[in-house]
There are 2 protein chains.
Amino acid sequence: MSPRPKIGLKLTTILDEAGEIADQHGIDEVTLANLAKKLGIRPPSLYNHFNGLPDLRKKLAIYGLNRLYEIMAEAAAGVSGTEAVLVISKAYVNFARNHPGIYEATLMAPDPEDEAVQLAGAKIVDLSVCVLHDFNLEGERALHAVRGLRSILHGFSALEQKGGFKLTLDLDESLEFIIEAFIAGISK
Amino acid sequence: MSPRPKIGLKLTTILDEAGEIADQHGIDEVTLANLAKKLGIRPPSLYNHFNGLPDLRKKLAIYGLNRLYEIMAEAAAGVSGTEAVLVISKAYVNFARNHPGIYEATLMAPDPEDEAVQLAGAKIVDLSVCVLHDFNLEGERALHAVRGLRSILHGFSALEQKGGFKLTLDLDESLEFIIEAFIAGISK
DNA sequence: AAATAAAACTAATGATATTAGTTAAGGAGA
DNA sequence: TCTCCTTAACTAATATCATTAGTTTTATTT
């Protein structure tokens, strides 16, 4: 009867749109209803692509982790030492700034233990390990340092996003100060 | 007709119960429906205490910030220098561990710019400023340092909660390493 | 050309927040 | 004690959402 054209949506197309909703209106607005409206289809049709809302969130998290990794890896290319730590840090924070919704989705996976999510996250951890390698930390200290860097980057990004920093003090200067202090500290 | 006993609920009672739901089942389960069920009243009755769900979340955020502040202030009493930074850091992280839902609510205020929310958060910032005072940082460096400490504490807590640290490496040792490295770094 | 799978659909269900209007309980002042 | 008013509960109704079941059309493959 009525024309029901088969659009043939690709997964990446759907995730692009979902990411756009997240960035523009917040992660809570990434509902099946809103996403379907943006795609020009009916909500139940999304069940052909996702196993419900939790599965959409999981796939969006992986999608975000991969995009974040690519940007960090690109920034790290050909740099080393403190400089390398600084550039990946700035890449990380800038990604969170430019894509607040996608970044938020990154840590909102329904099951963080999920294998595919772990894998996507592991690439970023590995990159951090690699970048911190120049500071020859022995054994466990290297792992503590990775946790520290990740804590700083996530904490800084999250607080900046939630309006946790209210003073009129340049944010990029703060980030540089913090990273340099941390690097100086682990270099003893 | 049917007995409609006037319970006379106090705001703190309601927030205690809401916090319990958040800690036990996650912040998303803090719904008017669930909270009403726990209190033995009907959902619409909560509108006598809150201006809808966003207002409940805001009041829960303030409630959480105040509890967090109290625990940190208590820990900081009579200590100074690196030791003081360490104890408030452990107090912060332990609060997030013991009250994951309330802690999460702390940063989930619908409008972080809200005056009352800002005020509750400012007390914690002031305490951090105070504790970092011993490291005589001049001018802006002191503010950068506060942002750094807050970033570390929130980032560490959030990642621990979301399962971001998966290695079998003691978490408390990581926290101590990170804080000590940061302190060493800002002490030049 | 026929068969199969993929991707859209309609219709229906149950849970949710929210609004509107209603009723009982408790305290204050006469 | 009686009256009034505010508070805090209620019932009823609405709109939105995720989700399920079953259906139909399109595209692909045989």
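Here is the naming used below: chain letters follow the sequence lines, and residue numbers restart at 1 for every chain. Remember, predicted model here, so these are calculated numbers, not experimental data.
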For this session: Say whether B:Lys123 and B:Asn66, considering side chains only, have a donor N or O and an acceptor N or O under 3.5 Å apart.
Result: yes
Exercise. Will you find, in the side chains of A:Asp16 and A:Tyr63, an N or O donor that is under 3.5 Å from an N or O acceptor?
Worked result: yes
Euclidean distance, atom [atom1] of residue [X] to atom [atom2] of [N] [Å, nearest integer]:
X	N	atom1	atom2	result
A:Tyr47	D:dT19	OH	P	4 Å
B:Lys37	D:dA9	NZ	C1'	19 Å
B:Ile41	D:dT7	CD1	C1'	13 Å
A:Ile21	D:dC17	CD1	C1'	14 Å
A:Arg42	D:dT25	CZ	C1'	16 Å
A:Asn48	D:dT26	CG	C1'	13 Å
B:Leu46	D:dT11	CG	P	14 Å
A:Leu32	C:dA7	CG	P	17 Å

Seminar exercise, completed: Against the side chain of A:Pro44, the closest entry in D:dA9, C:dT19, C:dC9 is C:dC9
Problem set entry | Proximity to the side chain of A:Thr31 - top-ranked nucleotide from D:dA9, D:dA18, C:dT16 | D:dA18
Exercise. Would you call B:Arg67 and B:Glu70 a salt bridge, taking side-chain N to carboxylate O under 4.0 Å as the test?
Worked result: no
Exercise. Think A:Ser45 has a side-chain N or O under 4.0 angstrom from the OP1 or OP2 of C:dC9?
Worked result: yes
Exercise. Does A:His49 have a side-chain nitrogen or oxygen under 4.0 Å from the phosphate oxygens OP1 or OP2 of C:dA6?
Worked result: no
Problem set entry | Under 3.5 Å: donor-acceptor pair, side chain of B:Glu29, backbone of B:Asn34 | no
Exercise. Pick the nucleotide of DNA chain D nearest each of A:Asn34 and A:Asn51; which residue has the one closer to the 5' end?
Worked result: A:Asn34
